[in-house]
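One is the number of the first residue; the rest follow in order along the sequence. Start at 1 and go down the list; that is how both ligands and their atoms are numbered.
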Amino acid sequence: MNILILGSGGREHALAWKIAASPLADKLYCAPGNAGIAQEAECVALDLADHRAVIAFCQTNKIDFVVVGPEGPLVAGIADDLEAAGFKTFGPSKWAARLEGSKGFTKDLCKANKIPTATYERFKSANAAKDYLRKKGVPIVVKADGLAAGKGVVVAQTVAEAEAAIDMMFGGGLGERTWEIVIENCLIGEEASFFALCDGETAIALASAQDHKRVSDGDKGPNTGGMGAYSPAPVMTPEMDARVMDEIILPTVRAMKAMGAPYKGVLFAGLMITEEGPQLIEYNVRFGDPETQVLMLRLMSDLVPALLASRDGQLKNFDLRWYPDAALTVVMAAKGYPGDYKKGSLIEGLGAAAQVEGVEIFHAGTRSDGNHIFANGGRVLNVCARGNTVREAQQRAYSAADKIIWPDGFCRRDIGWQAIAREK
Ligand code: AMP
C-alpha cells in the first residue's frame with residue numbers, strides 16, 4: 001500500500017516508525033513531516049488546511065490509505081473530504097470529531113448517556129457564568145468550548161482566578177473569540193490517558209499511559225503539550241480498564257452511532273481515577289502526543305491492519321498484542337518553552353544517544369540541512385526507551401538524553417516518578 005501520514009510531530013514520527021515496519025507498507029509519505037520522519041518516509045510540503053491539495057497529492061501518488069495525526073484537520077473535516085474523493089482515511093468524520101472540537105457537545109453526550117464526568121453547566125455570557133461560579137465555590141474548572149491547543153482550561157483555586165478566566169476567554173484571550181464556556185466541578189484523583197480504537201460500532205482498548213503536563217520537575221510550573229509519558233499506567237488495573245470500556249468508551253461509541261455520527265478512529269479519553277471510579281475529563285479524537293511514542297514502542301502487532309480495521313468497521317474480532325515491557329519518553333524542549341523560545345540551534349550526539357540499549361529517538365520539531373539537525377519548535381525531541389520496568393526504561397532514556405549535545409535545550413529529570421515510586 002501507498003500510505004500518507006498527515007502531521008509533523010513526535011506522534012507522527014512514532015506512527016511513521018511503526019507503519020514503516022509493516023509488510024503492508026510499500027511507499028510511505030508524510031506531510032509535512034520533520035527531519036526524523038524523513039528517515040522513515042518521504043516528507044512532502046503540503047498545507048493540511050488545503051484539503052484540495054492533499055486530495056490532489058493522493059491522486060497523483062496513488063495513495064491507498066491516509067492516516068491523520070492531529071485534531072485540527074479532523075475537526076475541519078479532512079477525513080470526510082478524503083473519503084468523498086475515494087481515499088480510505090483513518091480518523092473520525094467532522095461530526096464525530098466534535099467529541100474533541102466541542103466540550104459542550106461531549107458534556108451533553110455524557111449527561112444523556114450517564115457517562116461519568118464532572119457536573120457542569122454551559123454558558124454563553126460572562127455574567128451568568130460568574131453567578132453560577134459564585135454559587136458553586138472553588139476549586140472550579142473553566143473551559144472554553146472549542147479547540148484551544150491545551151490553553152482553554154483553567155483549574156481555578158479562587159473566585160477571582162475563575163472570574164479572570166471567564167473574562168479572558170469571552171474577551172478573546174485564546175486567539176479566537178470564545179462564544180461558549182463550560183464550568184465544571186473539580187475532580188480529585190489520579191489522571192490517566194486511555195486509548196481505544198473504534199470502528200463506528202465497537203471498540204478495542206489500547207495500552208494505557210500517563211503523561212506529565214507541567215514544564216518543571218515535581219509537576220510544577222505552567223502546563224505544556226506534555227514533557228514526558230510512560231506506559232503502562234499503574235493506576236489502570238485490568239479491572240479499571242474494563243470499567244472504562246463499559247462505563248465510558250462503549251456507551252460513547254453507541255451514542256455516536258445512534259445520532260448518525262459513528263465514531264471511527266482512535267478515541268483518547270483523558271481520565272481522572274477518583275475514589276468512586278473513572279471519570280471522563282475530556283476526549284481527544286486522535287492519538288496523544290507524547291503518549292503515542294510509548295504506545296508504539298510497546299505494540300507488538302502490526303499497526304496497519306488495526307488502523308484499516310478501524311476504518312473498515314472490522315474491529316469486532318480484532319486483537320492486538322503488546323510487549324509486557326514498560327516504555328517511557330522524555331521530551332527535550334527548547335529553553336523558554338512553553339513561553340518564547342528560539343528556533344534554529346544545532347543538535348548533536350543523536351547517533352550516540354540512539355545506541356543506548358532499548359532506546360528510540362523520535363523527532364518532534366526538527367529540521368535538517370542535509371548534514372546537521374536543528375531545533376525547529378518548542379518540543380523538539382522524544383527520547384524513548386523500553387525496559388523491564390518503568391525505572392529501567394527511565395534510566396535508559398536519561399542515559400541517552402545525556403549523550404545529546406544541545407545547549408539550548410532542556411528536559412525534566414523526573415519523568416515516571418509516580419510509577420517508579422510504586423515499583424519501589
Ligand atoms: P483538558 O485540556 O480538558 O485535558 O484539561 C487540561 C487539564 O486540566 C487536565 O489534564 C486536568 O489536569 C485538568 N482538568 C480539566 N478538567 C478538570 C476537572 N474537572 N477536575 C480537575 N482537573 C481538571
Side-chain angles (χ1 to χ4, degrees), residues 11 70-72 75 97-111 115-123 129 132-133 136-158 161-162 165-166 168-169 173-175 178 180-195 208-216 218-230 233 235-236 244 248 252 266-292 331 338 415 418:
R11 166 183 53 211
E71 65 277 14
V75 171
R98 280 177 298 171
L99 284 174
E100 178 163 359
S102 168
K103 302 221 187 279
F105 171 83
T106 300
K107 297 296 289 188
D108 288 355
L109 180 130
C110 288
K111 193 192 266 178
I115 294 167
T117 189
T119 309
Y120 73 102
E121 287 289 338
R122 301 171 70 168
F123 297 97
Y132 177 77
L133 128 82
K136 294 293 282 189
V138 285
I140 197 126
V141 184
V142 181
K143 301 187 171 185
D145 188 62
L147 290 184
K151 297 189 198 97
V153 176
V154 175
V155 181
Q157 302 299 336
T158 64
E161 215 184 317
I166 293 169
M168 177 275 285
M169 289 177 190
L174 292 172
T178 299
E180 183 170 335
I181 64 168
V182 170
I183 299 188
E184 66 181 35
N185 287 1
C186 191
L187 298 167
I188 311 288
E190 187 169 343
E191 282 187 57
S193 303
F194 188 91
F195 298 87
S208 62
Q210 276 176 306
D211 76 339
H212 294 266
K213 285 238 161 56
R214 304 297 191 102
V215 74
S216 306
D219 292 318
K220 298 206 171 65
N223 262 323
T224 68
M227 294 303 291
Y230 51 93
V235 68
M236 294 310 296
V244 173
I248 298 179
T252 300
V266 64
L267 192 54
F268 163 7
L271 301 174
M272 188 74 86
I273 308 302
T274 70
E275 279 178 3
E276 287 80 46
Q279 299 266 334
L280 180 71
I281 297 178
E282 62 153 3
Y283 272 135
N284 297 296
V285 298
R286 34 80 191 172
F287 280 107
D289 188 345
E291 290 95 333
T292 306
V331 170
I415 299 302
Q418 284 168 308

Q: Carefully, step by step, assess Q210 and M236 under the rule side chain to side chain contact (heavy atoms under 4.5 Å, CB included).
A: CA-CA 10 Å; Q210 276 176 306; M236 294 310 296; over 6 Å; no
**Q.** Region of N223 engaging ligand 1 - heavy atom pairs below 4.0 Å
**A.** neither
Q) C186 near ligand 1, heavy-atom distance under 4.0 Å? A) yes
Q: For E184, counting its heavy atoms only, list the atoms of ligand 1 lying under 4.0 Å from any of them.
A: 16 (N), 17 (C), 18 (C), 19 (N)
Q | Atom indices of ligand 1 within 4.0 angstrom of M272 heavy atoms, with elements | A | 21 (C), 22 (N)
Q: Consider ligand 1: state whether an atom of it lies below 4.0 angstrom from any non-hydrogen atom of Q279.
A: no
Q) Which is it for L187 and ligand 1 at heavy atoms under 4.0 Å: side chain, backbone, both or neither? A) both
Q) Can you list the atoms of ligand 1 that are under 4.0 Å from a heavy atom of K213? A) 10 (O)
Q. Does R11 reach the side chain of P70, with side-chain heavy atoms less than 4.5 Å apart?
A. yes
Q) With respect to atom 16 (N) of ligand 1, which of E282, K143, K103 exhibits the smallest heavy-atom separation? A) K143
Q: Please test E100 against F268 for side chain to side chain contact (heavy atoms under 4.5 Å, CB included), starting from the C-alpha separation and ending with a verdict.
A: CA-CA 9 Å; E100 178 163 359; F268 163 7; over 6 Å; no
Q: Enumerate the atoms of ligand 1 whose separation from the nearest heavy atom of V153 is less than 4.0 angstrom.
A: 1 (P), 2 (O), 3 (O), 5 (O), 8 (O), 15 (C)
Q. Any idea which atoms of ligand 1 are less than 4.0 Å away from a heavy-atom of N185?
A. 18 (C), 19 (N), 20 (N)
**Q.** Heavy-atom pair of closest approach, residues A229 and I415
**A.** N-CG2, 3.8 Å
